[in-house]
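In this text, all values refer to a predicted model and were calculated from it rather than measured experimentally. Chain naming here is simple, since letters A, B, ... match the order of the sequence lines and numbering starts at 1 in each.
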There are 2 protein chains.
Amino acid sequence: MDERQIGSLRFQLDLSQPIYEQILQQMSSAVVRGEIALGEKIPSVRELAQALKVTPNTVMHAYQEMERSGLTETRRGQGTFITSSRERVEQFRSELADEVIDAFLQRMMALGYSLADIRKLLERRQGGGSR
Amino acid sequence: MDERQIGSLRFQLDLSQPIYEQILQQMSSAVVRGEIALGEKIPSVRELAQALKVTPNTVMHAYQEMERSGLTETRRGQGTFITSSRERVEQFRSELADEVIDAFLQRMMALGYSLADIRKLLERRQGGGSR
DNA sequence: TCCAGTGTATTACGTGTTATGATACACTCA
DNA sequence: TGAGTGTATCATAACACGTAATACACTGGA
């Protein structure tokens, strides 16, 4: 696992997944968790490419996906910025969560687990934690 | 979405995922949910290939993965059979469930959801009941 | 013993995705 | 004007996936 830092951002890249998707996911995570401020400028395509030792094209791919999902706004000649709409970030977060939950439930049901079963299994994870 | 039936098995194949993985997953589901009896013979490589209109190689790929995970036993010249060990099937099921849950929790945490949040979201599914 | 039906292996080919590397263009701002 | 942006294009390579064809090894029943 390769770990690289640029500004306040931290990236962990491996070969198990397309690089552009890992950039996309980790950047989205950072935004959604408030680790990047709304309206903030993120590294330029070339800058991040150099920091991560990948091709600008690969970073571009990730950035374009982010804009497509409304998470960023790009201004030609200026750079790429996190959207300043808190609402949009919230919507992105909950929509993504919905998809993740749907896929999870579908896979578990295919294995014959009921919703009640799933809840029990999750409680078990909580184990020594808060309850 | 293409749906095909062979014996008691039903397969739904699309292009969103490798075919061999869809065969693997749907066959595993059927076993784990008891839709295929323990020790039962499953269609031969050529037979299933013809029914699904794919190449024998593709079915082979799926079958080899199933054997690697201990779900089936292959007997050269005879065919491929579901393991007759209920214990092994149970172990396969719970191991797979563990992996699915781990991946799910990791993705949700990356989006900033706590275990308590996740439980609440799942409860909501139960109430809304869109299955 | 033969043979049809099994699993298995190999080779060649085509396609799509991913990533690289290089180059060029368009835009913005100091 | 020039440096720094996003953007587009081309060629190339590697890899995964699927197809197609062929061949081999094994088993059980006729």
Length of the line joining B:Lys41:NZ and D:dG28:P, which is rounded to integer Å:
13 Å

By salt bridge (Lys or Arg N to Asp or Glu O under 4.0 Å) - contacts of A:Arg33 (at least two apart)
A:Glu35

Enter the distance from B:Ile82:CD1 to B:Lys41:NZ here, rounded to the nearest 0.5 Å.
11.0 Å

Assign each of A:Val54 and A:Arg75 the nucleotide of DNA chain C bearing its closest heavy atom; nearer the 5' end lies the nucleotide of A:Val54

So does A:Glu40 have more than 12 non-hydrogen atoms from other groups sitting under 6.0 Å from CD?
yes

Please determine if a side-chain N or O atom of B:Thr58 lies less than 4.0 Å away from the OP1 or OP2 oxygen of D:dT19.
yes

Should the pair A:Glu123-A:Lys120 be classified as a salt bridge under the 4.0 Å nitrogen-to-oxygen rule?
no

How long is the span from the CD1 atom in A:Ile6 to the CG atom in A:Leu48, to the nearest 0.5 Å?
5.5 Å

Could you state the CD1-P distance from A:Ile23 to C:dA19, rounded to the nearest angstrom?
8 Å

Quick one: is A:Ser44 getting a side-chain N or O under 4.0 Å of the D:dT5 phosphate, OP1 or OP2?
yes

Judged by nearest nucleotide, the residue sitting upstream toward the 5' end of DNA chain C, A:Gln17 or B:Met60, is B:Met60

Does A:Gln64 put a side-chain nitrogen or oxygen below 4.0 Å from OP1 or OP2 of D:dA8?
yes

OP1 or OP2 of C:dG7 sitting under 4.0 Å from any side-chain N/O of B:Gln78?
no

Between the base of C:dG5 and the side chain of B:Arg46, is there a donor-acceptor distance below 3.5 Å?
no

Check whether any side-chain N or O of B:Thr80 sits under 4.0 Å from OP1 or OP2 of C:dG7, and answer yes or no.
yes

Paired with B:Val45, the side-chain contact (heavy atoms from CB on, under 4.5 Å) test is passed by just one of B:Met60, B:His61, B:Gln64, namely B:Met60

Distance-only donor-acceptor test (3.5 Å): side chain A:Asn57, base D:dT9:
yes

Gap between atoms CD and P, on A:Gln50 and D:dT5 respectively (whole Å)
11 Å

Tell me which nucleotide among C:dT18, D:dG18, D:dC26 gets nearest to the side chain of A:His61.
C:dT18

Considering just the side-chain nitrogens and oxygens of B:Tyr20, establish if one lies under 4.0 Å of OP1 or OP2 belonging to D:dG18.
no

Terminal axes of the helix from C:dT1-D:dA30 to C:dA30-D:dT1 (5 end pairs apiece), angle rounded to 10 degrees, sit apart by 10°

Within the structure, does a side-chain N or O atom of B:Thr55 lie under 4.0 Å from either OP1 or OP2 of D:dG18?
no

Measuring only between side-chain heavy atoms, which start at C-beta, is B:Phe92 closer than 4.5 Å to B:Thr83?
no

Taking OP1 and OP2 of D:dT7, is either one under 4.0 Å from a side-chain nitrogen or oxygen of A:Thr74?
yes

